[in-house]
A.B. asks: 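Would you mind keeping the following structure in view while I ask a few things?
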Amino acid sequence: MNQPAVLDWKTGIRQLMIAPSKERNMKSIIIMILCVGIMVLLSVHPVQAKKSHTVFFEGTDHELHVYKSFGNEPGKTLMLIGGIQGDEPGGFLSADLYADFSLSKGNLIVVPRANFLSIMLNKRKVNQDMNRKFAEDDTHTYETEIVAILKKLISESDLLLNLHDGSGFYSDKWISQEQNPERYGQSIIADCESFMAEGNGRGISLGEMARIVSEKINRKIKNPLYHFHFNNHNTKEKSSIHKEQRKSATYYALYTCGIPAFGVETSKSLPLEEKVLHHNWAINAFMEELGIIPETPGINLDHPELRYLIISVNDSLPILVENQQTLFVKPGDMIMVSHIEANYERGLSADIIGIGTFNDTRKKIKIEKPTRIVARKDFYPCGNIYLSFSEDRDRFAHEVSVAKQHESRPPYLFFKVKINGRESILRDNDQVKLIQGDKILIEDIITGLYDPSKLVVNFKGFVGDKDNNTGEDRGYVIDTKSDLLADYSTEKKGTGYQVVVLSGRETVGKLFFELEEATFNYIVIETGNHKKQCLVPGDVVNLRSDERVHLVDIITNVENRMDVKAYWSGPGMTKQYVEIKNKIPIDILTDTPANMSENQYRLDVQRGDEIMGSVYFKLFSGDAS
């Protein structure tokens with residue numbers, strides 16, 4: 001039986017964890033399906049294998065693509081879910097190989113990228129963990145909408161495989177920190193050993209099926225550490241250590257739909273190509289158990305590469321712009337990317353940097369500044385189109401020109417960053433003043449000089465991935481108080497830091513940050529007679545214990561008081577947060593059985609966990625002296 005296998009992986013995917021995409025036009029699909037249907041009705045030949053492709057939420061960041069393959073002969077239906085958690089590429093890359101499968105017997109329902117937005121972000125979840133939303137759920141997010149569709153598809157299936165990459169290596173006994181009962185990797189997970197389905201009284205031997213499949217996989221794996229094992233979560237039992245799985249897809253499939261369901265977990269410690277291969281072996285073994293017979297031969301995965309984009313400007317006739325070309329427009333032009341052509345068909349997105357959302361395909365976007373369009377396969381950048389302004393465009397506004405990258409080398413390099421959540425575009429060699437505790441996120445480089453995906457952006461003194469420090473620091477939120485190493489600052493004092501952009505060994509850009517200590521200048525309070533006072537750190541104020549006092553403002557050198565809060569504390573009480581414009585809770589202190597001589601309280605002004613300064617209050621009965 002011919003089965004899919006990863007035969008060749010190009011240099012780079014081991015680190016960048018890629019996957020495919022470009023979705024077909026829905027009208028074409030509908031027409032194709034109608035034509036196929038007519039031909040089937042008119043034909044006297046045997047029924048041929050059929051396929052369908054349905055797109056839900058088209059044009060959004062969370063597009064959902066569902067692929068169905070029907071064999072020449074009827075049989076069982078296997079459902080594959082990949083990418084329900086976006087940072088597990090072994091699962092969604094493997095599922096993707098089965099989307100175009102041709103079958104001799106049986107059926108497949110394949111959802112390669114259940115959570116495409118989290119895949120593009122390379123995050124486990126966006127709003128909520130999608131694999132914890134299959135129980136009753138009152139919240140309404142895009143994850144809720146997708147899960148509703150997945151539930152319907154599960155109900156049409158005979159067996160569900162939810163494909164994951166898990167931590168460490170599962171073992172039913174504690175062997176080491178990486179190999180123990182609490183790990184998931186290299187296991188086939190079920191919610192119980194066996195199950196009696198209601199209605200038909202059919203017994204489902206999940207443990208037996210998982211052990212048979214594990215044995216088939218293990219024959220192909222030489223290293224015993226990488227062997228698969230059955231991992232019984234006993235999810236419904238009170239003693240289960242995996243009660244959170246009661247909200248999962250497999251639990252729903254088993255206990256609501258009455259079909260066998262398994263989580264297939266390859267270890268995150270394995271190279272990407274091995275994870276995909278092990279997933280393939282598991283899927284193939286389950287297909288054998290169900291009697292599903294494929295026709296498709298082995299599959300070769302090439303390095304992803306953008307060929308061209310189809311772009312229209314101001315609703316004009318679409319033009320073809322090749323990878324690494326520059327499209328000249330003028331400020332205010334509306335562009336739309338209507339098609340992405342690459343060496344893969346699925347998982348593609350176009351992101352106009354600094355504008356729009358994560359996936360700007362088939363959206364009209366107004367261009368106000370030079371930027372670039374990044375084509376991605378899942379979260380892996382596979383090509384760039386540059387958008388630049390041309391002076392000649394004012395005279396020939398109806399024309400749009402395209403130039404090769406080497407023919408037009410606009411001399412600009414910008415840093416797209418977020419400082420305390422606010423987006424900024426900074427120029428090469430800019431010097432930026434920050435307050436210690438400010439948070440920086442370097443999102444990307446905008447330039448017409450280089451392909452930004454091939455540059456390394458290194459924040460000197462910061463380590464993003466401590467397990468694999470490549471020097472690439474885009475995408476990390478950097479806390480300038482706790483995340484920086486003073487020894488790598490420009491003067492070894494922890495006040496000046498630089499970001500270096502490298503093309504190979506050549507430095508092609510720099511950005512400088514100067515850190516200033518966060519200081520608390522004064523607070524403003526208002527007493528019961530509407531009198532306002534400014535109090536500096538260390539001040540001591542006498543107040544009657546029944547006096548009404550409001551905190552009006554906190555003045556610091558921190559912009560917009562980011563992460564700056566005030567807390568009220570004293571003898572006989574726990575620290576309480578005080579909001580600006582709210583009353584300081586002095587009245588609760590009158591019930592404190594402490595002596596009046598001990599009734600000194602304080603208002604701490606903090607940024608994060610660090611106290612910037614305090615103002616002290618002495619409470620007394622009667623008039624102030």
A.B. asks: Got a sec, which residues hit side chain to side chain contact (heavy atoms under 4.5 Å, CB included) with N218, two or more places apart in sequence or on another chain?
C.D. replies: S214, I221, H227, F228
A.B. asks: Less than 3.5 Å apart, any donor N or O on the side chain of S94 or N280 sitting next to an acceptor on the other?
C.D. replies: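 S94 vs N280: donor-acceptor pair found between side chains.
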A.B. asks: Would you mind reporting whether I149 and F57 have side-chain heavy atoms less than 4.5 Å apart?
C.D. replies: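 F57 reaches I149 side chain to side chain.
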A.B. asks: So which of N131, N162, D191 actually passes side-chain hydrogen bond (donor to acceptor under 3.5 Å, both in side chains) with T250?
C.D. replies: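 When N131, N162, D191 are each tested with T250, the side-chain hydrogen bond (donor to acceptor under 3.5 Å, both in side chains) holds only for D191.
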A.B. asks: For I259 and L159, work out which heavy atoms get closest and say how close.
C.D. replies: CD1-N, 4.0 Å
A.B. asks: Begin with the C-alpha distance, continue with both residues' side-chain angles, and end with the deciding distance and a verdict on side chain to side chain contact (heavy atoms under 4.5 Å, CB included) for L121 and F358.
C.D. replies: CA-CA 8 Å; L121 295 173; F358 297 105; 3.1 Å; yes
A.B. asks: Tell me if the CD atom of E244 is crowded by more than 12 foreign heavy atoms within 6.0 Å.
C.D. replies: yes
A.B. asks: Answer yes when D137 and K247 have at least one side-chain N-carboxylate O distance shorter than 4.0 Å, and no when they do not.
C.D. replies: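 Here D137 does not pair with K247 in a salt bridge, since their nearest N and O are not under 4.0 Å apart.
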A.B. asks: Can you check whether M336's main-chain N or O pairs, donor with acceptor, with R362's side chain at less than 3.5 Å?
C.D. replies: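 Flag not set: sc R362 to bb M336 has no pair under 3.5 Å.
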A.B. asks: Is the closest basic N to carboxylate O distance between K216 and E288 below 4.0 Å?
C.D. replies: yes
A.B. asks: With a 4.0 Å cut-off on N to O distance, would you call E143 and R132 a salt bridge?
C.D. replies: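 A salt bridge is absent here (no side-chain N lies under 4.0 Å from a carboxylate O).
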A.B. asks: Check whether more than 12 heavy atoms from other residues, nucleotides or ligands sit under 6.0 Å from atom NZ of K151, and answer yes or no.
C.D. replies: yes
A.B. asks: Can we call the ring centroids of Y226 and F169 under 6.0 Å apart?
C.D. replies: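 Yes; F169 has its ring centre under 6.0 Å from that of Y226.
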A.B. asks: Taking ring-ring contact (aromatic ring centres under 6.0 Å, His included) as the cut-off, I'd like each qualifying pair that reaches into residues 137-165, sequence neighbours left out, listed once.
C.D. replies: H62-Y142
A.B. asks: Please name all residues satisfying side chain to side chain donor-acceptor pair (under 3.5 Å) with N469, sequence neighbours left out, ordered by chain then number.
C.D. replies: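 For N469, no residue satisfies side chain to side chain donor-acceptor pair (under 3.5 Å) once neighbours in sequence are set aside.
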A.B. asks: Excluding sequence neighbours, so at least two apart, what forms side chain to side chain contact (heavy atoms under 4.5 Å, CB included) with N343?
C.D. replies: D302, P304, E305, R307
A.B. asks: Is there a side-chain contact between T470 and V456, using heavy atoms and a 4.5 Å cut-off?
C.D. replies: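 Side-chain contact under 4.5 Å: no.
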A.B. asks: Counting only N and O atoms by type, is there a donor-acceptor contact under 3.5 Å from the side chain of T144 to the main-chain atoms of T139?
C.D. replies: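 At least one qualifying donor-acceptor pair exists.
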A.B. asks: How long is the span from the CD1 atom in I442 to the CZ atom in F462, to the nearest 0.5 Å?
C.D. replies: 8.5 Å
A.B. asks: Taking salt bridge (Lys or Arg N to Asp or Glu O under 4.0 Å) as the cut-off, I'd like each qualifying pair that reaches into residues 229-238, sequence neighbours left out, listed once.
C.D. replies: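 Matches after skipping sequence neighbours: none remain.
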A.B. asks: Under the salt bridge (charged side-chain N to carboxylate O under 4.0 Å, His left out) rule, collect the residues that match up with E443, sequence neighbours excluded.
C.D. replies: K416, K418
A.B. asks: Does atom NZ of K243 have more than 12 heavy-atom neighbours from other groups under 6.0 Å away?
C.D. replies: yes
A.B. asks: Are K363 and D61 close enough for a salt bridge, meaning some N to O gap below 4.0 Å?
C.D. replies: yes
A.B. asks: What pairs of residues pass the ring-ring contact (aromatic ring centres under 6.0 Å, His included) test when at least one of them lies in residues 177-198, not counting sequence neighbours?
C.D. replies: Y184-H233, Y184-H242, F195-Y255
A.B. asks: Identify, with sequence neighbours excluded, every residue that meets salt bridge (charged side-chain N to carboxylate O under 4.0 Å, His left out) alongside R211.
C.D. replies: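 In terms of salt bridge (charged side-chain N to carboxylate O under 4.0 Å, His left out), with neighbours along the sequence ignored, R211 is linked to E193.
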A.B. asks: Just jot down the side chain to side chain donor-acceptor pair (under 3.5 Å) partners of T361, sequence neighbours excluded, or say none.
C.D. replies: N359
A.B. asks: In plain terms, say whether D483 and K439 are close enough for a salt bridge, that is, a side-chain N and a carboxylate O under 4.0 Å apart.
C.D. replies: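 Not counted as a salt bridge, because no side-chain N and carboxylate O are separated by less than 4.0 Å.
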A.B. asks: Should V66 and V110 count as side-chain neighbours, where that means a heavy-atom distance under 4.5 Å?
C.D. replies: no
A.B. asks: Looking at CZ of F379 and CZ of F116, how far apart are the two atoms once the value is rounded to the nearest 0.5 Å?
C.D. replies: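 Taking CZ in F379 and CZ in F116, the distance rounds to 11.5 Å.
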A.B. asks: Side chains of T141 and Q128: is there a donor and an acceptor less than 3.5 Å apart?
C.D. replies: yes
A.B. asks: Is the side chain of S176 donor-acceptor paired with the backbone N or O of Q179 at a distance under 3.5 Å, no angle test?
C.D. replies: yes
A.B. asks: Strictly by modelled atom types, are T266 and H279 linked by a side-chain donor-acceptor pair under 3.5 Å?
C.D. replies: yes
A.B. asks: Using 0.5 Å steps for rounding, measure from the OG1 atom of T60 to the CD atom of E63.
C.D. replies: 6.0 Å
A.B. asks: Looking only at side-chain N and O atoms, does S267 offer a donor or acceptor that is under 3.5 Å from a partner on K275?
C.D. replies: no
A.B. asks: Measuring from atom CG of L80 to atom CG of D96, what distance do you get when rounded to the nearest 0.5 angstrom?
C.D. replies: 11.0 Å
A.B. asks: Nearest 0.5 Å, please: how far is CD1 in I373 from CD1 in I385?
C.D. replies: 6.5 Å
A.B. asks: Within the side chain of D158, is there an N or O that forms a donor-acceptor pair under 3.5 Å with the backbone of T77?
C.D. replies: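 Yes, D158 side chain to T77 backbone: donor-acceptor pair under 3.5 Å.
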A.B. asks: Classify the ring geometry between F262 and F286 as parallel (under 30°), tilted (30 to 60°) or perpendicular (over 60°).
C.D. replies: tilted
A.B. asks: Name all residues meeting the side chain to side chain donor-acceptor pair (under 3.5 Å) criterion together with T574; count only those two or more places apart in sequence or in a different chain, and write none if there are none.
C.D. replies: none
A.B. asks: Supply the atom-to-atom distance L64 CG to I146 CD1, rounded to the nearest 0.5 angstrom.
C.D. replies: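 Those atoms lie 5.5 Å apart.
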A.B. asks: Locate the shortest heavy-atom distance separating P89 from D165; write the atom from each residue and the value.
C.D. replies: N-OD2, 3.2 Å
A.B. asks: Determine whether more than 12 heavy atoms belonging to other residues, nucleotides or ligands lie under 6.0 Å from atom CG of D609.
C.D. replies: no
A.B. asks: Other residues, nucleotides and ligands only: do more than 12 of their heavy atoms fall within 6.0 Å of CD on E208?
C.D. replies: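 At most 12 heavy atoms, drawn from other residues, nucleotides or ligands, come within 6.0 Å of this atom.
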A.B. asks: Taking NZ, NE, NH1 and NH2 as the nitrogens, is one of them in R124 or D129 under 4.0 Å from a carboxylate oxygen of the other?
C.D. replies: yes
A.B. asks: Answer yes or no: is there a donor N or O on one side and an acceptor on the other, between the side chain of S155 and the main chain of K152, under 3.5 Å?
C.D. replies: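 Present.
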A.B. asks: For K68, enumerate each residue passing the salt bridge (charged side-chain N to carboxylate O under 4.0 Å, His left out) test, keeping only those at least two apart in sequence or located in another chain.
C.D. replies: E156
A.B. asks: Test of understanding: with side chain to side chain donor-acceptor pair (under 3.5 Å), list the residues that count as partners of R474, not counting sequence neighbours.
C.D. replies: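 If we apply the side chain to side chain donor-acceptor pair (under 3.5 Å) test to R474, skipping adjacent residues, the hits are D444, E472.
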A.B. asks: Report the C-alpha separation of Y308 and E341 in whole Å, then their side-chain angles, then the decisive distance to 0.1 Å, and conclude whether the side chain to side chain contact (heavy atoms under 4.5 Å, CB included) test is met.
C.D. replies: CA-CA 5 Å; Y308 57 82; E341 183 66 30; 3.4 Å; yes
A.B. asks: Please work out which of the three classes, parallel, tilted or perpendicular, describes the rings of F101 and Y98, given edges at 30° and 60°.
C.D. replies: tilted
